[in-house]
Amino acid sequence: MTVPARILVEGIHGSGKSTLAALLAQRYRLPWYPVDDLLWEPGWVEVPVAEQRRRIAEICRRDRWILDGAYHGWRDVVLGRADLVIGLDYPRGVSFRRLLRRTRQRLASGEEICNGNRESWGSVLSLDSVLVWHVTGFGRARRRLRAWAADPAGPPVLLFTDPAALDDWLARGSRVPDRRGT
């Protein structure tokens, strides 16, 4: 088995992208670049898209990496260099329950998410809440993942439609099939 050197883990908010990216980074001994660290400055100030793109392009020029998301302003950069996309295409209820649980835990613990940023009741109840993003972005994210999986010109996509299938794949050693499916 050839271990992919450049991996994108993609899915809707709350699907477990960062958790899986961290695990695969350790398993494959690849550097993981949490996307939130690249997109948000302290105080939840969004980094301008041009700067996001520059940061992502710098990472993607490297020979080895894992990213836990790809956003509209620079998605093409990541897809142009990824050896593998792992898509977490779980049902809405699964990912939303996970997101609610994670949000509750972060509110209770005050856990830092990135660059000193934490979830607060104000952020959770706002129109820019990660919960709102999940509801409004779920369909787009699902269509995008499925289109990538169907595109023979893009990087190979392992699409997981439920957490048990991902757990099984991880338990079997995370074997990555080649383009021929072997």
Side-chain angles (χ1 to χ4, degrees), residues 1-90 95 102 111-118 128 130 133-134 137-138 140-160 166 169-170 173-182:
M1 172 184 77
T2 302
V3 174
R6 296 178 300 270
I7 301 172
L8 167 62
V9 178
E10 183 60 276
I12 191 67
H13 302 288
S15 59
K17 297 182 301 290
S18 298
T19 300
L20 179 59
L23 182 128
L24 293 175
Q26 183 177 32
R27 184 172 284 184
Y28 292 150
R29 294 188 175 105
L30 292 171
W32 168 40
Y33 300 94
V35 168
D36 283 345
D37 289 346
L38 303 168
L39 305 187
W40 299 102
E41 297 295 339
W44 290 113
V45 174
E46 187 174 5
V47 173
V49 173
E51 176 60 15
Q52 291 178 27
R53 189 174 178 86
R54 188 199 66 72
R55 290 176 181 185
I56 294 298
E58 180 181 315
I59 290 167
C60 288
R61 279 192 294 272
R62 298 173 186 167
D63 292 332
R64 301 165 36 84
W65 47 261
I66 294 180
L67 290 168
D68 57 354
Y71 294 93
H72 66 279
W74 43 266
R75 191 173 289 133
D76 61 310
V77 174
V78 178
L79 290 176
R81 289 280 294 158
D83 296 323
L84 176 68
V85 175
I86 299 175
L88 304 180
D89 185 19
Y90 301 154
S95 56
R102 183 186 81 185
E111 170 190 345
E112 181 180 320
I113 299 166
C114 64
N115 298 322
N117 295 311
R118 292 172 167 72
D128 283 331
V130 69
W133 291 349
H134 182 285
F138 182 84
R140 282 188 310 275
R142 173 165 269 183
R143 287 188 300 275
R144 183 173 49 251
L145 282 173
R146 292 176 179 185
W148 291 352
D151 182 1
V157 177
L158 289 178
L159 200 58
F160 294 98
L166 175 64
W169 178 73
L170 290 169
S174 315
R175 184 177 174 278
V176 177
D178 63 22
R179 278 288 196 189
R180 296 179 307 276
T182 60

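Just so it is clear, the structure is predicted and the values come from calculations on it, not from any experiment.
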_Contact between Leu38 and Tyr71 at the side-chain level, heavy atoms closer than 4.5 Å - yes or no?_
no

_Flag side-chain contact, heavy atom, 4.5 Å: Trp44 against Asp128_ = no

*asked:* Does Glu51, at its CD atom, have more than 12 non-hydrogen atoms belonging to other residues, nucleotides or ligands within less than 6.0 Å?
replied: yes

*State plainly whether the residues Asp76 and Arg53 are in salt-bridge range, i.e. N to O under 4.0 Å.*
yes

*Heavy atoms only: give me the nearest Phe138-Ser95 pair and the separation to one decimal.*
CE1-OG, 4.0 Å

*According to the interplanar angle, ranging from 0 to 90°, do the rings of Phe160 and Trp169 count as parallel (below 30°), tilted (30 to 60°) or perpendicular (above 60°)?*
tilted

*Could you check if a side-chain atom of Ile12 sits within less than 4.5 angstrom of a side-chain atom of Arg142, using non-hydrogen atoms only?*
no

*Taking all heavy atoms of Leu88 and all of Ser15, pick out the closest pair and write down the distance.*
CD1-O, 3.6 Å

*Can you check whether Trp32 reaches Ser18 side chain to side chain, under 4.5 Å on heavy atoms?*
yes

*Answer whether the closest heavy-atom distance between the side chains of Ile113 and Trp40 falls below 4.5 Å.*
no

*Starting at CZ of Arg62, measure out to CZ of Arg6 and round the result to the nearest 0.5 Å.*
13.0 Å

*Looking at CD1 of Ile59 and CH2 of Trp65, how far apart are the two atoms once the value is rounded to the nearest 0.5 Å?*
9.0 Å

*Identify the heavy atoms of Gly11 and Leu145 that sit nearest to each other, and give their distance.*
CA-CD1, 4.1 Å

*For the side chain to side chain contact (heavy atoms under 4.5 Å, CB included) test, which of Asp68, Leu170, Ile7, Ile66 pairs with Leu20?*
Leu170

*Candidates Leu84, Asp83, Ile86, Val78 - the one meeting side chain to side chain contact (heavy atoms under 4.5 Å, CB included) with Leu8*: Val78

*Looking only at heavy atoms, which two atoms of Val35 and Gly69 are closest? And how far apart?*
CG2-O, 3.5 Å

_Nearest-0.5 Å distance that lies between atom CD in Glu10 and atom CZ in Arg144_ = 5.5 Å

*Rounded distance [0.5 Å steps], CZ in Arg81 versus CG in Leu67*: 11.5 Å

*Heavy-atom pair of closest approach, residues Gly43 and Asn117*: N-OD1, 2.8 Å

_Check ion pair Glu58-Arg55 (N to O, under 4.0 angstrom)_ = no

*Nearest atoms (heavy-atom pairs only) where Tyr28 meets Arg64*: O-NH2, 4.2 Å

